[in-house]
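Structure record follows, encoded as structure tokens.
Here is how names work: the chains are called A, B, and so on, in the same order as the sequence lines, proteins then strands, and each is numbered from 1. None of the values given here were measured: they were computed from a predicted structure.
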Amino acid sequence: MAATAPAALQLLCRRPSLSAAQLRQVHAQLLTSSSLSLLLADRFLPNQLLRSLLPAHPLRVLRLFPRLRRILPGFRPNNYTFSFLLKSAADSSSSQGSDARLVASLHALAVVLAWDAHDYVANGLIHAYASHGLLPSARRLFDGAVTSRAADVCSWTSLLTAYARAGQVDEARALFDGMPRRNDVSWSAMLSAYVAAGGFADAVRLFEDMLRSGVRPNRAAVVGVLTACGALGALEQGRWVHAMVAAGARRSSRNDDGMIAIDGVVMTALVDTYAKCGSLDAARQVFAGATPEQRDVFAYTAMISGLSDHGRCLEAIDLFARMQAEGVRPNEVTFICVLTACGRAGLVGRAREVFRSMAAAHGVRPGVEHYGCLVDALGRAGLVAEALGVVRSMPMRPDSYVLGALLNACAARGDVEVGKQVVGWLAEQGLDHSGVHVQLSNMYAAWSEWGEVARVRRNMEERNVAKVPGCSMVEVDGVACEFVAGDRSHPRMPEIMSAVRDLHAHLRHRFDDIILVGVS
DNA sequence: ATAGGGTTAG
């Protein structure tokens with residue numbers, strides 16, 4: 001019996017992702033009284049046990065720890081023990097919701113056992129606090145660690161990421177600039193911070209700085225800069241990054257000198273970037289070149305979304321079918337894309353069908369976004385009454401997107417009665433920006449009910465509805481041009497209006513399977 | 001035996 005403990009331990013260490021049932025069995029073996037002496041004999045064994053559980057079962061590590069202390073009086077947690085525990089605590093923040101007290105109690109325990117002075121433990125605590133978003137605690141420990149020169153590059157990066165997640169990009173950048181040492185992860189963390197904050201041009205600049213400083217970009221940096229290129233519509237930049245990654249992948253397959261491979265995540269980012277930059281063919285090519293393993297739900301969803309955005313709604317719906325035939329299970333985002341494609345293609349029946357199948361066949365409960373897509377699809381097909389019925393039967397409160405879709409449908413059908421009701425609901429929730437009222441007033445105007453038009457305008461003034469004018473920006477030859485709704489002050493306005501008319505005609509001609517709402 | 005960054009959305 002005693003001999004089973006090391007065997008079980010070996011099993012644990014080699015196969016860290018055992019099933020729950022297998023783990024219970026191995027633990028039962030390890031914790032028998034005859035094995036306890038073995039565990040006690042080697043002070044590393046309890047740590048091994050914890051470590052073996054970490055990748056797949058972070059919370060189990062936290063539960064097992066007090067039990068080990070109870071049944072093994074000789075067990076002295078050391079710096080490794082704490083680094084495992086803190087890693088568990090940090091990982092549990094994403095999967096199980098934030099539990100601040102968990103980190104605080106580990107901190108307290110580390111102090112009691114005098115392990116908090118150990119560099120690894122101190123850095124682990126900073127990371128655990130930071131990943132729970134507990135910035136003041138993380139910062140206090142971090143400042144102490146910087147003073148005592150204990151703070152390592154991981155702590156700097158963890159804190160940088162925590163500031164970025166809290167929306168403080170400038171603070172993140174200040175940390176980045178202050179780092180005594182940076183590696184690829186520090187660069188990619190800063191790059192992702194910019195992307196998350198919408199600073200796409202800053203992200204692209206940072207990527208170029210990264211290359212100039214001789215740091216080899218990793219997957220995260222490549223994915224981040226591709227996301228930025230997609231958002232900017234920077235097709236040339238995106239192509240350049242693609243070529244760089246492809247060249248590096250070819251080189252490293254020969255002599256393994258370490259450029260990143262185009263794995264599934266990078267491939268998905270490329271599909272998305274090309275599609276967002278208007279190059280559907282390139283997106284298709286990348287997708288077609290992917291291996292079956294790389295074509296996961298993310299890849300399929302990106303491709304479906306790209307097809308739908310380019311007006312290839314029927315192809316998008318076909319790809320959804322092919323995805324299921326390949327055994328890839330759609331998730332909630334996939335359904336948003338597919339429902340959107342159905343709506344744009346005018347396939348209301350298919351939209352209803354897909355919506356019904358979500359919970360029934362795929363175990364995905366429709367969220368408010370899915371109701372929004374369904375209402376939009378019904379509304380584009382002119383089925384205002386059915387759309388209204390869906391809104392009334394929703395198990396959750398309709399948001400501005402749902403009500404906006406319904407209002408669009410009312411406007412398109414000239415249904416002033418329902419439209420008035422929808423504007424009332426929007427007003428109740430404080431979601432009635434000026435455009436909503438303008439839409440209602442336009443509906444009355446279409447029926448020549450000028451008294452009602454005036455009443456809506458008065459109501460807007462009385463209620464002091466905030467005017468948030470629509471606005472867009474484009475960069476031409478390095479000069480930024482801003483356009484605000486109703487503003488005709490640009491010196492080349494006649495040319496611009498003529499280009500807009502051409503574009504509109506082109507859209508109608510090319511995407512005639514799209515139902516355009518609100519464009520006349 | 002040790003910690004940090006990443007993909008799809010109306």
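- Rounded to an integer number of Å, the gap from CG of A:Asp272 to C1' of B:dA9 is 10 Å.
- Within the nucleic acid shown, A:Asn123 comes within 4.0 Å of at least one base atom, counting heavy atoms only.
- The listed nucleotides are B:dG10, B:dG6, B:dT2; the one nearest the side chain of A:Asp309 is B:dG10.
- Applying the salt bridge (charged side-chain N to carboxylate O under 4.0 Å, His left out) test to every pair with at least one member in residues 197-210 of chain A, sequence neighbours left out, gives these pairs: A:Asp202-A:Arg205, A:Asp209-A:Arg212.
- Taking atom CG of A:Leu378 as the reference point, atom P of B:dG10 lies 18 Å away to the nearest angstrom.
- Within residues 148-160 of chain A, the residues that place at least one heavy atom under 4.0 Å from DNA chain B are, in residue-number order, A:Asp152, A:Val153, A:Cys154, A:Ser158.
- Scanning for salt bridge (Lys or Arg N to Asp or Glu O under 4.0 Å) contacts around A:Glu369 gives an empty result, with sequence neighbours left out.
- Regarding A:Phe287, its CZ atom lies at a distance of 15 Å from the P atom of B:dT8, rounded to whole Å.
- In this view, A:Asp281 and A:Arg284 satisfy the salt bridge (Lys or Arg N to Asp or Glu O under 4.0 Å) rule, not counting sequence neighbours.
- In this structure, the nucleotide among B:dG6, B:dA1, B:dT7 sitting nearest to the side chain of A:Phe84 is B:dA1.
- Checking B:dT7, B:dG10, B:dA1 against every side-chain atom of A:Val265, the shortest atom distance belongs to B:dT7.
- Residue-environment remark: CZ (A:Arg352) exceeds the threshold of 12 foreign heavy atoms within 6.0 Å.
- Heavy atoms of A:Val223 sit under 4.0 angstrom from primed sugar atoms or phosphate atoms, though from no base atom.
- Using a 4.0 Å cut-off on heavy atoms, the residues of residues 390-404 of chain A that approach DNA chain B are A:Asp399, A:Tyr401, listed by number.
- For the pair A:Leu374 CG and B:dA9 P, the computed distance is 20 Å after rounding to whole Å.
- In the set B:dG6, B:dT8, B:dA9, B:dA9 carries the atom at the smallest distance from any side-chain atom of A:Glu369.
- Closest to the side chain of A:Tyr80, from the set B:dA1, B:dG6, B:dT8, is B:dA1.
- Contact check, A:Lys276 against B:dA9: a side-chain N or O comes under 4.0 Å of OP1 or OP2.
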Trace of the salt bridge (Lys or Arg N to Asp or Glu O under 4.0 Å) decision for A:Asp376 with A:Arg344: CA-CA 9 Å; A:Asp376 189 50; A:Arg344 287 173 177 168; over 6 Å; no
Taking only distance into account, with no hydrogens and no angle test, what donor-acceptor pairs under 3.5 Å do side-chain atoms of residues 387-397 of chain A form with protein atoms, sequence neighbours excluded?
{"residue": "A:Ser393", "atom": "OG", "partner": "A:Gly389", "partner atom": "O", "Å": "3.3"}
{"residue": "A:Ser393", "atom": "OG", "partner": "A:Val390", "partner atom": "O", "Å": "3.1"}

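- Taking atom CG of residue A:Asn79 and atom P of nucleotide B:dA1, one finds them 14 Å apart after rounding to whole Å.
- Side-chain atoms of A:Phe298 lie closest to B:dT7 of the nucleotides B:dA3, B:dA1, B:dT7.
- Proximity of the aromatic rings of A:His118 and A:Phe82 is defined here by a centroid distance below 6.0 angstrom, and this criterion is not met.
- Atom CG in A:Asn47 sits roughly 8 Å away from atom C1' in B:dA1 (whole-Å rounding).
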For residues 189-198 of chain A, please give each side-chain donor-acceptor pair under 3.5 Å, one per line with the distance, not counting sequence neighbours.
{"residue": "A:Ser192", "atom": "OG", "partner": "A:Ser188", "partner atom": "O", "Å": "2.7"}
{"residue": "A:Tyr194", "atom": "OH", "partner": "A:Arg173", "partner atom": "NH1", "Å": "3.2"}

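- Listed by first and then second residue, the ring-ring contact (aromatic ring centres under 6.0 Å, His included) pairs involving residues 322-357 of chain A are A:Phe320-A:Phe335, A:Phe335-A:His362, A:Phe355-A:Tyr371 (not counting sequence neighbours).
- Partners of A:Arg239 by salt bridge (Lys or Arg N to Asp or Glu O under 4.0 Å), not counting sequence neighbours, listed by chain and number: A:Glu236.
- Nucleotide B:dA3 holds its C1' atom 11 Å from the CG atom of A:Leu125, rounded to whole Å.
- For A:Asp263 against B:dG6, a side-chain-to-base donor-acceptor contact under 3.5 Å is present.
- The CD atom of A:Gln294 sits 17 Å away from the P atom of B:dT7 (whole-angstrom rounding).
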